[in-house]
Amino acid sequence: MPHVITQSCCSDGSCVYACPVNCIHPSPDEPGFATAEMLYIDPEACVDCGACVSACPVGAIAADTRLTEKQLPFVELNAAFYPKREGKLPPTSKLAPVIAAPKVAAHSGGPLTVAIVGSGPAAMYAADELLTQRGVRVNVFEKLPTPYGLVRAGVAPDHQSTKRVTQLFDVIGKQPGFKFFLNVEVGKHLSHADLLEHHHAVLYAVGAPNDRRLEIDGMGLPGTGTATEMVAWINGHPEFTDLPVDLSHERVVIVGNGNVAFDVARVLTTDPDALARTDISDHALAALRTSKVSEVVIAARRGPAESAFTLPELIGLTASCDVVLDEADHQLVVADLARETDPLTRNKLEILAKLGNASAPLTRPRIRLVYRLTPQRVLGEDKVSGIEFGVTGTDEVRTLDAGLVLTSIGYRGKAIADLPFDDAAAVVPNDGGRVRDTAGAYVAGWIKRGPTGFIGTNKSCAAQTVHQLVDDYNAGVLTDPVHKPAALEKLVRTRQPAMVDAAGWQAIDAAEIARGGEDRPRDKFTSVDEMIAVAATAPKPTVRQRVLAGLR
């Protein structure tokens, strides 16, 4: 009874290390790991021990006899990754070694103390890597009163299994030496220089917060926006609570066909009663209950073989939503399939080839995938009324009526005060995470490498950066803090009295879960003021705890 990976996994790698027979690939020692859409279990080598099930932080692995009907395609998908063999053969590559934790040398200037800016996956994995060494202190700074970045605000609410990785982050946050400084914005309340006065190093894991913008006429009209903003609105991100979302028209058009476009389209066409059992924001759920949207069109410039979405997301979408193609796009799929040799792309095309035809009567809200359409201008005067496309490679023009036009064409990093910035690549220039020409500064995650990979890709990325940082500390390159540890919190509370600590976050977390009741994982607070008010109800530290904190 082999086990099966059943989604675009987080690529955390924990399952690889837990497997006693090395039957999960690509492993971190293999070239394809960093760019893999998912990992795959070898059905012939699997010994059914279940170690991978308990190791997976997002619950993506199950025995093949326990799969739902929607998950059955993953049985063949896992097996197809491996070559055909006669008889039982050993695993297909050497055992992936667990990357050794960096060894922190004793230092006369006190224990290694690191500030991490950001609290998403890259930040939390970096903290975990640092805290494998005794005595290391990590202070995590986040501008919102709640941590975990895009896992909280960027993962679609109907993907609760992916959000389970926050349980791992909760464990990391409770390790000795870890401290949260939430609702504190570096660049506003504290500067880079301030942080360096209290730490040996500052590690920025701030992601790529900006959307790449589509430069065509009409973008900026009421009714235009980005899929990323839409996901944040759906998730209750406090900065997007008041986003104007008009669902009064029967059609929404999304330009770009990556996984985020799929997330938005799926939510817009899902029964609100099903979404009511997730952590979707109350304002988004209310808007969806009165929505007039009957079709979401996902438009791509290129052909089906160049689709940006991943195979697991396509399988999930077609299993839960009505997805259709125009007859002309069916022909493009067939043509691509006839000449395509890459197995992964062929799998995508084979699924697309089986989709229904858009000419069929519309019985419930659906998603229509369209190809070879290059956006030329958004139509409308006071608000969006449609979008005009050119058929890629021709002079033909095609127009689609729409009341909402969203773009989903990628992310872009944002410059950080006092750090160099490569405007073309939209990253902080670095060598393996060590910021160039800036002593004591490091980067991890998307601001380091660009917006590539999955949640767990940040684990190996963060590990590389932490190794560089520790090497510099051990070599005596980093400057010792000039203030005692207790001085940091005094400074922060002076600059930002509404700082939220770990106890405050736990109060917010507990209140959201309680608000969710029996039917929902949580009911989120969507305003910063609400969050701060709830955080203030957290028990205050005892005198003994305050004294011990001052001795840190």
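Owing to the predicted nature of the structure, the values given are computational and were not obtained by experimental measurement. Just so you know, these numbers use all the heavy atoms, side chains as well, and skip hydrogens, waters and symmetry mates. We're numbering straight along the sequence, starting at 1.
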Open item on the list: Looking at Pro304, is its backbone amide N or carbonyl O close enough to the side chain of Lys348 to form a donor-acceptor pair, meaning the two atoms are under 3.5 Å apart?
Closed with: no
TODO: Nearest 0.5 Å please: distance from the CG atom of Leu67 over to the CG atom of Leu72.
DONE: 6.0 Å
Open item on the list: Assess the residue pair Lys70 and Ile315 against the criterion (side chain to side chain contact (heavy atoms under 4.5 Å, CB included)); give the C-alpha distance rounded to whole Å, side-chain angles, the decisive distance to 0.1 Å, and a yes or no.
Closed with: CA-CA 8 Å; Lys70 293 178 180 179; Ile315 291 173; over 6 Å; no
TODO: Mind checking the CD-CG spacing from Glu295 to Leu362? Nearest 0.5 Å is all I need.
DONE: 6.5 Å
Open item on the list: Nearest 0.5 angstrom please: Leu317 CG to Ile351 CD1, how far?
Closed with: 10.5 Å
Task: Note, Val384 side chain near His249 side chain (heavy atom, < 4.5 Å) - done: no
Task: Full working for side chain to side chain contact (heavy atoms under 4.5 Å, CB included) between Glu129 and Lys459 - done: CA-CA 9 Å; Glu129 192 76 15; Lys459 186 168 187 176; 5.6 Å; no
Task: Spacing of Leu404 atom CG and Asp246 atom CG [to the nearest 0.5 Å] - done: 7.0 Å
Task: Criterion side chain to side chain donor-acceptor pair (under 3.5 Å) against Asp322, the qualifying member of Arg366, Arg368, Arg364 - done: Arg364
Open item on the list: Quick one about Asn257 and Arg301 (side-chain donor to acceptor, distance below 3.5 Å, no hydrogens or angles considered), yes or no?
Closed with: no
Task: Residue pair Met124, Phe178: steps toward the side chain to side chain contact (heavy atoms under 4.5 Å, CB included) verdict - done: CA-CA 10 Å; Met124 297 306 293; Phe178 183 102; 3.9 Å; yes
Task: N-O pairing of Glu306 and Arg372 below 4.0 Å - done: no
Open item on the list: Angle between ring planes, Phe169 versus Tyr148, binned at 30° and 60°: parallel, tilted or perpendicular?
Closed with: tilted
- [ ] Answer yes or no: is there a side-chain heavy-atom contact under 4.5 Å between Leu369 and Leu355?
- [x] yes
- [ ] Would you confirm whether Thr224, through its side chain, and Val405, through its main-chain N or O, come within 3.5 Å as a donor-acceptor pair?
- [x] no
- [ ] May I ask you to decide if Val75's main-chain N or O and Asp64's side chain share a donor-acceptor pair within less than 3.5 Å?
- [x] no
Open item on the list: Is it the case that atom CD in Glu327 sees more than 12 heavy atoms from other parts of the structure closer than 6.0 Å?
Closed with: yes
Open item on the list: If we ignore hydrogens and angles and just use 3.5 Å, is the side chain of Arg346 paired with the main-chain N or O of Leu337 as donor and acceptor?
Closed with: yes
TODO: Check whether any side-chain heavy atom of Ser408 lies under 4.5 Å from a side-chain heavy atom of Val264, and answer yes or no.
DONE: no
TODO: Identify the heavy atoms of Cys52 and Cys15 that sit nearest to each other, and give their distance.
DONE: CB-CB, 3.9 Å
Open item on the list: For a 4.5 angstrom cut-off between non-hydrogen side-chain atoms, does Glu313 reach Asp263?
Closed with: yes
Open item on the list: I'd like to know if the side chain of Thr6 reaches the main chain of Ala60, judged simply by a donor and an acceptor atom lying under 3.5 Å from each other, with no hydrogens or angles considered.
Closed with: yes
Task: Donor-acceptor under 3.5 Å (Arg412 side chain, Asn210 main chain) - done: no
TODO: Using modelled atom types only, decide if a donor and an acceptor are shared between the side chain of Asp523 and the backbone of Glu512 within a distance under 3.5 Å.
DONE: no
Open item on the list: Any non-hydrogen side-chain atom of His283 less than 4.5 Å from a side-chain atom of Thr526?
Closed with: yes
Open item on the list: Please check: side-chain N/O of Asn357 versus main-chain N/O of Ala360, any donor-acceptor pairing under 3.5 Å?
Closed with: no
Task: From Asn347 atom CG to Leu311 atom CG, the distance as rounded to the nearest 0.5 Å - done: 5.5 Å
Open item on the list: On a heavy-atom basis, which atom in Ala126 and which in Ala462 lie closest, and how many Å separate them?
Closed with: N-CB, 3.6 Å
Open item on the list: Would you say that Leu288 contacts Leu247 through its side chain, given a criterion of any heavy-atom pair below 4.5 Å between the two side chains?
Closed with: yes
TODO: Could you pull out all residues at least two apart from Asp329 that satisfy salt bridge (charged side-chain N to carboxylate O under 4.0 Å, His left out)?
DONE: none
Task: Straight-line distance of Thr146 OG1 to Trp505 CH2, nearest 0.5 Å - done: 6.0 Å
Task: No-hydrogen, no-angle side-chain donor-acceptor test under 3.5 Å, Thr407 and Thr226 - done: no
Open item on the list: Quick one about Arg266 and His159 (side-chain donor to acceptor, distance below 3.5 Å, no hydrogens or angles considered), yes or no?
Closed with: yes
Task: Side-chain donor-acceptor pair present, Tyr371, Ser307, cut-off under 3.5 Å - done: yes
TODO: Report yes if some heavy atom in the side chain of Leu268 is under 4.5 Å from a heavy atom in the side chain of Met230; otherwise report no.
DONE: yes
- [ ] Step through the shown structure and confirm whether more than 12 heavy atoms of other residues, nucleotides or ligands are within 6.0 Å of CD on Glu76.
- [x] no
- [ ] Can you spot which of Thr166, Leu150, Thr162 makes a side chain to side chain contact (heavy atoms under 4.5 Å, CB included) with Val155?
- [x] Thr162
- [ ] Establish, from distance only, whether the side-chain atoms of Asn458 and Lys448 form a donor-acceptor pair under 3.5 Å.
- [x] no
Open item on the list: Taking the side chain as everything from C-beta on, heavy atoms only, tell me whether Ile409 gets closer than 4.5 Å to Leu214.
Closed with: yes
Open item on the list: Given 3.5 Å as the limit, does a donor-acceptor pair link the side chain of Asn235 with the main chain of His237, or not?
Closed with: no
Open item on the list: Let's go through Arg152 and Asp279 carefully: what are the C-alpha distance in whole Å and the side-chain angles of both, what is the deciding distance for salt bridge (charged side-chain N to carboxylate O under 4.0 Å, His left out) to 0.1 Å, and is it a yes or a no?
Closed with: CA-CA 10 Å; Arg152 177 178 168 94; Asp279 65 345; over 6 Å; no
TODO: Under the side chain to side chain contact (heavy atoms under 4.5 Å, CB included) rule, what do Val297 and Val252 come out as? Steps first, then yes or no, please.
DONE: CA-CA 6 Å; Val297 175; Val252 172; over 6 Å; no
Open item on the list: Using every non-hydrogen atom in the two residues, find where Ile116 and Ala127 come nearest and quote the distance to one decimal.
Closed with: CD1-N, 3.7 Å
Task: Heavy-atom pair with the smallest gap, counting every atom of Ile5 and Asn78 - done: O-ND2, 3.0 Å
Open item on the list: Tell me the closest heavy-atom pair linking Ile447 and Gly207, and the distance in Å.
Closed with: CB-O, 3.5 Å
Open item on the list: We want to know whether Asp158 and Thr278 form a side-chain donor-acceptor pair, criterion being a heavy-atom distance below 3.5 angstrom.
Closed with: no
Task: Main-chain N/O of Arg213 paired to Asp211 side chain as donor or acceptor, under 3.5 Å - done: no
- [ ] Inspect the surroundings of CZ in Arg302 and state if more than 12 heavy atoms from other residues, nucleotides or ligands are less than 6.0 Å away.
- [x] no
- [ ] Using the ring of Phe525 (Phe, Tyr or Trp, six-membered ring only), decide whether Arg515 places NZ or CZ under 6.0 Å from its centre and within 45 degrees of its axis.
- [x] yes
- [ ] Might you point out which heavy atoms bring Pro375 and Val255 nearest each other, and give the distance in Å?
- [x] CG-CG1, 3.8 Å
